[in-house]
Each structure stands twice: as structure tokens, then as C-alpha cells.
There are 2 protein chains.
Amino acid sequence: MTPQSGRSPVMADVARLAGVSHQTVSRVVNGHPNVRAETTARVQRAIDELGYHRNSTARALVTRRTNVLGVIAFDTTLFGPAQTLAGIERAAREAGYFLSIVSLDDVSPAGVAEAVDYLIQQSVEGCIAIAPQRALVRALAAVPGPRPLVAVEGGEGSGLPVVCVDQAQGAHDAVRHLIDLGHRTVHHISGDPEWLEAESRVAGWRRALEEAGAAAPEPLVGDWSPRSGYEMGRRLIQRRATGEEVTAVFVANDQMAIGLLRALGEAGLRVPDDISVVGFDDVPEAEFLAPPLTTVAQDFAQVGRVSLRVLLDELGAGERPAGEDAASGPPPAPRLIVPARLRVRQSSGPAPAPDPHR
Amino acid sequence: MTPQSGRSPVMADVARLAGVSHQTVSRVVNGHPNVRAETTARVQRAIDELGYHRNSTARALVTRRTNVLGVIAFDTTLFGPAQTLAGIERAAREAGYFLSIVSLDDVSPAGVAEAVDYLIQQSVEGCIAIAPQRALVRALAAVPGPRPLVAVEGGEGSGLPVVCVDQAQGAHDAVRHLIDLGHRTVHHISGDPEWLEAESRVAGWRRALEEAGAAAPEPLVGDWSPRSGYEMGRRLIQRRATGEEVTAVFVANDQMAIGLLRALGEAGLRVPDDISVVGFDDVPEAEFLAPPLTTVAQDFAQVGRVSLRVLLDELGAGERPAGEDAASGPPPAPRLIVPARLRVRQSSGPAPAPDPHR
DNA sequence: GCCAACATTGTTAGCGTTAACAGAACCGGC
DNA sequence: GCCGGTTCTGTTAACGCTAACAATGTTGGC
């Protein structure tokens, strides 16, 4: 039988054309040694002539390895998740893995279970969850989902390996920077409290104030959106109007900082002359705001690379026979932390001279 | 043989536990009719007990359908592509398809060929390319890549089905809006000229000026980044200093508009009192800039939905026997256009009174 | 020239599923 | 009670590939 022109060619077609067995074709395709150079060339010619591509499905079936990794994310259009995802994607491709991505619409246990199911259906070999939310981590740890599973920004106590940016340190550096500029205290507009990142940034802010012996004002709670930054900015202006000293604000992300800048501008307050503002994320436009925003940069590409490496390590560990090194017990889930870096620009400046009205 | 605790269970294990043949299990799993309710229940119990999941690889091998669609994108961290991707992802999941995504680092034929190969390796059934760049479309149309293939923002003449936002109309509306406010002409900061979107927006800008009988100043060429917006803003200010009338600027995206606002602010020019600015994209922070930015919104979710539908249509068309309707010849590649919508905010206002110095 | 060792190739048997066909059990009408 | 037609279930054979083994050359040392 000649190869059907309708069907795409299979190994047997190549084998027939090259005058060898299909196994020899397999050996050539997989770069096995012990194939005569002349044979390799002949097979290669046949492959080119037919436009043959190895059927990954059949290969996966017999090798029991799909080479697919899953990624669970919440909202891939947000700056952080999008960057992290891009980092993972690049690292995965370099490592020869394919990626299957699920974006969650909500973090309910049902939604998470559905997403996990979607990935299991595809026989992913392992999974990375970009899981910055408390509820998501809970749901993931509870579901008998795909393993191994690595949590990015996952928080502790989940029993999962975690890769995260040192949010608390970044926040601490930002606040410390403001205190060094002479501000007596620093206000805070936090992110959505359901997010672990919001919590870590609050913690870093609070620690820096404590270390400086400064009182921590009640934080204003936003939800990451520019709108909430704007609204919290107006509240802050109200506070100021009642006589409270407001000379510096640490905002949990750049988008909210943009909203805050808008609110301050509307109220006729100058940045940094009247109030200093520091953001978090270092979005590309931060440098071009009015004024250019002091902020904290995260190396998302590295987070992606590291989390993939952790996942591949876990995959490798799973292959080793259990109990081989039984004396040491199961190794604890690793927790890798990527540093954050302060970028000082013009939105932060020295504290203004004390208000003569007071 | 009892099911090995190491291996995950297969149909045969379920069949043994339920006391039926594996084929009956298959029927239950696939929801075939003609299975007795009592049998279905027994099989379902066995499935639950063993935690059985159908092996999608084996299924794909025999059905010759992987249920995987490929997406080729250039930079998924940019606003437009990220939104489009999210739209496609959601639509694909709803349609029961999996997605495999490749982010290109460069649009060279070699890079594109590699990406295409990556998708072919995975036996994708079809492909969507988020291909806003001229070189990318060229490379894609040339490569004997995966088919069917739908191009998002792909431009014409490629012979591929295309889904795109009506960039030219959006740009036209933006410029028209400025003219209606009394501006005698509108300057333009364009995007990277390698991008088709940049070209369409230039075309829309030019047409609106022509229709109004206004002269079109030389456009300033940016590259979408806030930095280039800033730099082109400074050039614009130079033009103004030489006596050229610059009262309104249409900027090809919001990020560059942010850079422009910064440049204008530095130069002491007020928006919109001295100069009106209109952007494109309607990023979430546009509403909270100083001043809130008039811009053009694109419905990326709809682009995602529509492009998936076009792809599925093409898939369906491929299944039908060729020549069945031979008289009409092959149907032309469809070209679907999603409208864009102007969002008027405060960065655009009436033209200032003519400069008394002139 | 013979044997061991190696290099090279072919043969066979799955991987876990679905499709196609083949039986078996059951139904109502005569 | 027997028949045609359902309804349900089981058997067998792919899908395209790799692993394991078997069977050939091919080489080199004596």
C-alpha cells in the first residue's frame, strides 16, 4: 500500500520509502547511536520527502510521558501573573516541555477543582500554580490534584514547594527609604487582603515602621485597581484635612499609586513636595508618570525560571525509589525566595517642613 | 492481577472491579446510550473508588483528535495580546479545547519556524496567531505550518482567515472627535511601523484629517513604549517652539500617551487647556491619569471569542469532503472585524484660542 | 579460519483507548 | 412458543510509537 495522500505519513511510510524497518526510523528520529551513517541519511531523506513528523500522542502513550506541564493562574492579564507566566513559558520551552494554561475566573473550591480536573484530563506531568490568593492556596492544597505541584507566591503552611518574591523585604526597603528621607511615619494603601502579597507587603511596611520606632497609621485597604487607589487617596486627603500628618505613602502596587497620584493632583497636593509616594511592581510606565514613580521591582523572569526548576526537581525526586534514603525521611518542601529591588525616582523626597498651622 | 498501587488505574482495572468489560466502561465514560442504568451506576462506583481518569493520550491516539489548539503570540505581557490571549483561553475552554501557547522572542523566519515546529510536535489541530507584525504574518504564511491557522490582527493579503479590531475606524473616530472640538489639525505619535496596528491607526488618522480638509503633519514614529512617547513628546514640544500649531495629539497607544503627558507636564503645558491628547487601548489606569485619558477601547474578549469560532469553523470545513460543492470553488478566507469604541474623558478639550503672538 | 564481541537491523509485543462487529438477553405480536 | 427487532454487553482489532529481544552482519585477535 502506498502512503495515502490524505493521511499524514507515519513511521511505516518512511520505513517503506527508505527500505528499512520502522524501528530503524524510530532510532533515527530519536538520535540513537548504532545506526549506520548511510542508513541515517537515507531515512532522513525519506522523512524530508514525506514531510514526516513524529506523532507525539503515540510516543506519549508508550513512554508514559506527555511532556506537558500545567499552569494554574488567576488573572493572566495582571502585570505580575503575566510576567511570571512569560518567564515560566520561556523556561519550559528551553527545558523541552509543553505548557497548558488554565486561567481561573474565581477562586472558589469548585472553580479550582474544575481547573485541576482540566489539567488532569490532559495528563500533565506536574503543575505550577500562580497562586497569590489565600483561598486559592487552600483550595489547591485540599484538592487531590496533580502532583508534583509548585506554588508561586503561595504562602507557607500549604505543604507545597513555594517560590516567591521577597515581598516583605521589598516593602521594608520602600518604607525604610521614606523614613531615611525624614518622614516621621508612612501611610499604606494595601492590596486586596485576600492576596498573600498584600499581606506580606503590609508586614514589611509594619516592620520597617516598628524598627524606626514610628507609629503605624491604620492602613487603607484597596483592591489593586487604579480606582481603589484613587478612592483611598481621597480618604487619605480627608485624614490630612483633620490634621493628621500625612507626608509619605507606600502603595502596594503601581496601578493604585497611579490612582493615588490622580487624587493628590486633584486636591492640589504636589508630589513629592507635599507628599511622597512609593509604589510596587515597577510597571513600564512607572518611569514616565508625573512625577516618575519610586517603586519596587520584582524579577518575574527569575521567578518563572526558578519555579520551573523546582518543579523539574520534584519530578526527578518522584522518580527515585522511595525509602532509598529512608533515614532522612521525606525532604521538606523547598521554599525559594527571589529578592525585590527598590527603584528610587522622583515621587519620593524629603519630608516637608512641619506645618506651621499645627 | 489486582491493580498495581503504583500505576494509576486504567479502564481494565475499573472493568474488573465492576465486573464488566472495558468497553462498557468506555461507554459509561463517554456517556453512550444503551447502557443499563444499574450497570452505569456500578461502573461509576468503581471509577470513583479507584479514582480513575481516562487517559487522554490513548484516546487521542485512537480518535486522531488531540483537542489541542495552538496559539502563537509575540509578547504576551503587552496589554493587547494578553487580553486577546485571555479571551481565546476562555473561549477554548468553553468549547472543550486545550490550548498550547508559544511566545515568540523575535519574528525572524527562523524563530517563527521553530515556534511552528513546536506546535506541530504537539499535534495541534489548528492554530491562532496573534500576529500584529508584518514580518510575522509573512513568515507564517510562508512556513508550511499547522493548518487551519487564523491570524488575529493579521492584515490582508496573507490568504489566511483574519480577525481584527477595526483600528482604522477607532483612530478615525478619535481624530474626528478632536476636529469636532475645533482643532485645526491633529498630530500623531505612531506605534512601531512594523506593526500592522500602527499602520491602520495612521491610516485612520490620515483619512479623518483628509475628510476634514486638514493638513496632516509629519507623524512622529514611536515604538509603543512609554519612553518613546516621552521622547516624541519632546520633539513635539520643539515643533511647537518653532511656531507650528500643536493643539491636539492622537497617540497610537495609552502607554506612549503616558510618556507624552509626562513630557508635556515637564514643559509646563496643560492638558487639555494647551494641548488635547487622545490615546488608544483604554488600559485600566487610563481613567486615573492626570488628566483622565480620552482613548479608544478594543473588545479583546470578543476578538478572542470570534477568532476561536473562525478556527472551529475552519476545522469543520476541513472535515467536509472537498469538491462537494465544487461549482463555487474554495470559499475565500473570512475576514471578521470587531469594532473599536471611543471613550471620551478629560484629556481632550476645545482648541485653545489662537496664539496672539502669531 | 574460527570465535567472541560488537555494531547494526529486524521482529514482536505492548501502551490504553475507541470502533466495529458479534453475541446474548429481552420484548411484543402472532 | 417462535420470530424479527431492540437493547445491552463482550470480543477483537486497530491507532503509531518505543522497548526488549532476536537475528543478522562485521570486526579483530589468535
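Chain A is the first sequence line, chain B the second, and so forth, proteins listed ahead of strands; every chain is numbered from 1.
The phosphate of D:dC15 has neither OP1 nor OP2 within less than 4.0 Å of any side-chain N or O from B:R65. Side-chain N/O atoms of B:R64 include one lying less than 4.0 angstrom from OP1 or OP2 on D:dG16. For C:dT18, the OP1/OP2 oxygens have a side-chain nitrogen or oxygen of B:N30 closer than 4.0 Å. For the OP1/OP2 pair of D:dG16 and a distance below 4.0 Å, the side-chain nitrogens and oxygens of A:Y52 include no atom meeting the criterion.
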Atom pairs under 3.5 Å: protein N/O with N/O of nucleotides 6-13 of chain C:
from   : atom 1 : to    : atom 2 : distance (Å)
C:dT9  : OP1    : A:R36 : NE     : 3.3
C:dT9  : OP1    : A:T39 : OG1    : 2.4
C:dT9  : OP2    : A:R36 : N      : 3.0
C:dG10 : OP2    : A:S21 : N      : 2.8
C:dG10 : OP2    : A:S21 : OG     : 3.2
C:dG10 : OP2    : A:T24 : OG1    : 3.0
C:dG10 : N7     : A:R27 : NH2    : 2.8
C:dG10 : O6     : A:R27 : NH1    : 3.4

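Between A:N55 atom CG and D:dA14 atom P there is a gap of 18 Å when expressed in whole angstrom units. When rounded to the nearest whole Å, the span between NE2 of B:H53 and C1' of C:dT17 equals 16 Å. Atom CG of B:D13 and atom C1' of C:dC15 are 13 Å apart (whole Å). Regarding B:I47, its CD1 atom lies at a distance of 10 Å from the P atom of C:dT17, rounded to whole Å. Rounded to an integer number of Å, the gap from B:R16 CZ to C:dG16 C1' is 13 Å.
Looking at heavy atoms from C-beta onward, B:L140 lies in side-chain contact with B:L149 at the 4.5 angstrom threshold.
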query = Yes or no on side chain to side chain donor-acceptor pair (under 3.5 Å) for B:R59 and B:N30, after CA distance, side-chain angles and deciding distance?
reply = CA-CA 11 Å; B:R59 177 184 165 85; B:N30 292 304; 2.9 Å; yes
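Mapping A:L61 and A:H32 onto DNA chain D by nearest heavy atom places A:L61 closer to the 5' end of the strand.
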